[in-house]
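Here is the structure we will look at.
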2 protein chains.
Amino acid sequence: MADEVGLAKLTLAALADRLGVRQPSLYKHIDSMAGLQRDMAVHAKRDLGGVLARASVGRSGADAISSMSHAYRDWARAHPARYEASNLMPAPGDVEDEAVSLEAVQLIADVLAAYNLEGDDAIDAIRAFRATLHGFVSLETSGSFALAADVDRSFDRLVRGFIAALAQWTGDTAAS
Amino acid sequence: MADEVGLAKLTLAALADRLGVRQPSLYKHIDSMAGLQRDMAVHAKRDLGGVLARASVGRSGADAISSMSHAYRDWARAHPARYEASNLMPAPGDVEDEAVSLEAVQLIADVLAAYNLEGDDAIDAIRAFRATLHGFVSLETSGSFALAADVDRSFDRLVRGFIAALAQWTGDTAAS
DNA sequence: CCGTTTGGCTAATGTCAATAGCTAAAGCTG
DNA sequence: CAGCTTTAGCTATTGACATTAGCCAAACGG
């Protein structure tokens, strides 16, 4: 239900209303507002992780990257509030949240593995991939792409551009 | 002062406290919470716009892109709450906000002009550039880059990658 | 010097998260 | 089956916050 109103506007009062229940009753099921958001975050990360895993199965290299990218964007657009929640950082010491967060990053690492990047090169590539996807999706869902131009096409172009950049990742540093 | 506590936690009560004033007194200077955030957004966009303009003056091509990118990230890290505010969309009909938002995008368009992109190609590139910068900065400031690897280096690598992608922007679509 | 603007104030309201303490039904357990 | 326990709801209350109404005094301009 959260996706309908936006994560920020998901109020316990409204939620209780929707469930036909008084709002203190919710505390029999959740810990606090923060706890609810954490739970949503864990759920969302697991869900997104599953989608990404499914998108990359049986593919590799540029094909896998492209497929995963589109799956990422599609999922985010279908569930904007869940997407927001999926970007919340785990609280330090929250083992479950940390684990599921790590899994998602691991999926990205796996899909980039075909490029044989080592050590920091690999980390740079993972960060770049995450930044590319998150940046686009975040701007898109916040309505920052005002112009009429086709957004699907822009995203496709961006993904292709990232793949092209990846191909010459190693040694990039030297070539100023 | 907002950068100290984070945009979300900037409460009118706390603000009044900091100013040594009772909180209803604030309404003599602002319209509402939403109005305050709008004002901060306009301010932030103007400020960021100025920084970006200064970073690109006298440069062109890859040099200008790199300089602007680093200025963008530096500014965002120095003023995290202002950065958040700068990403708020203008309300429809808010002429001033719309104008200053457009100016910032225009700066990016100008710096990409050296690549002679036309029409939708240019729009795609602008969107890609914004996504790249925002994605990285947003993940970084939210603490999503947990690993020890040098973040400066990752950003540099990302910017180089974007520039490389730009160089082969046109015709990208054809080459699957 | 007087009216007006400016910028503060108290008092009050409404929304929300959160806590305490009560109660009835459901589910076990011997 | 009888009795204890867990579960899941409830009312009442508190405290933080945004917001509005209405009051007042100092500063300011003709």
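The residue B:Ser25 sits close to a base: some heavy atom pair falls under 4.0 Å.
Checking each of B:His134, B:Arg73, B:Arg77 against B:Tyr83 for a side-chain contact (heavy atoms from CB on, under 4.5 Å) leaves exactly one that passes, namely B:His134.
Looking at A:Leu15 and A:Leu36, their side chains come closer than 4.5 Å, going by heavy atoms from C-beta outward.
A donor N or O paired with an acceptor N or O is found under 3.5 Å between the base of D:dA18 and the side-chain atoms of B:Gln23.
A salt bridge between B:Arg38 and B:Glu96 is present, with a side-chain N of the basic residue lying under 4.0 Å from a carboxylate O of the acidic one.
Between the CG atom of A:Leu15 and the P atom of C:dC16 there is a distance of 12 Å, rounded to whole Å. When the C1' atom of D:dC10 is taken as reference, atom NE2 of A:His29 falls 12 Å away, rounded to whole Å. Here C:dT23 presents its C1' atom at 16 Å from CZ of A:Arg22, a figure rounded to the nearest Å.
By the 6.0 Å contact criterion, CG on A:Asp31 is open, its count of non-hydrogen atoms from other residues, nucleotides or ligands being 12 or less.
Of the listed nucleotides (D:dA18, D:dG9, D:dG22), D:dG22 has the atom at the smallest distance from the side chain of B:Lys28. With C:dA17, C:dA18, C:dA11 as the choices, the nucleotide that has an atom nearest any side-chain atom of B:Pro24 turns out to be C:dA11.
Between B:Met33 and A:Val21, the residue anchored nearer the 5' end of DNA chain D, judged by the nucleotide with its closest heavy atom, is A:Val21.
Residue A:Thr11 places at least one side-chain N or O under 4.0 Å from the OP1 or OP2 atom of C:dA17.
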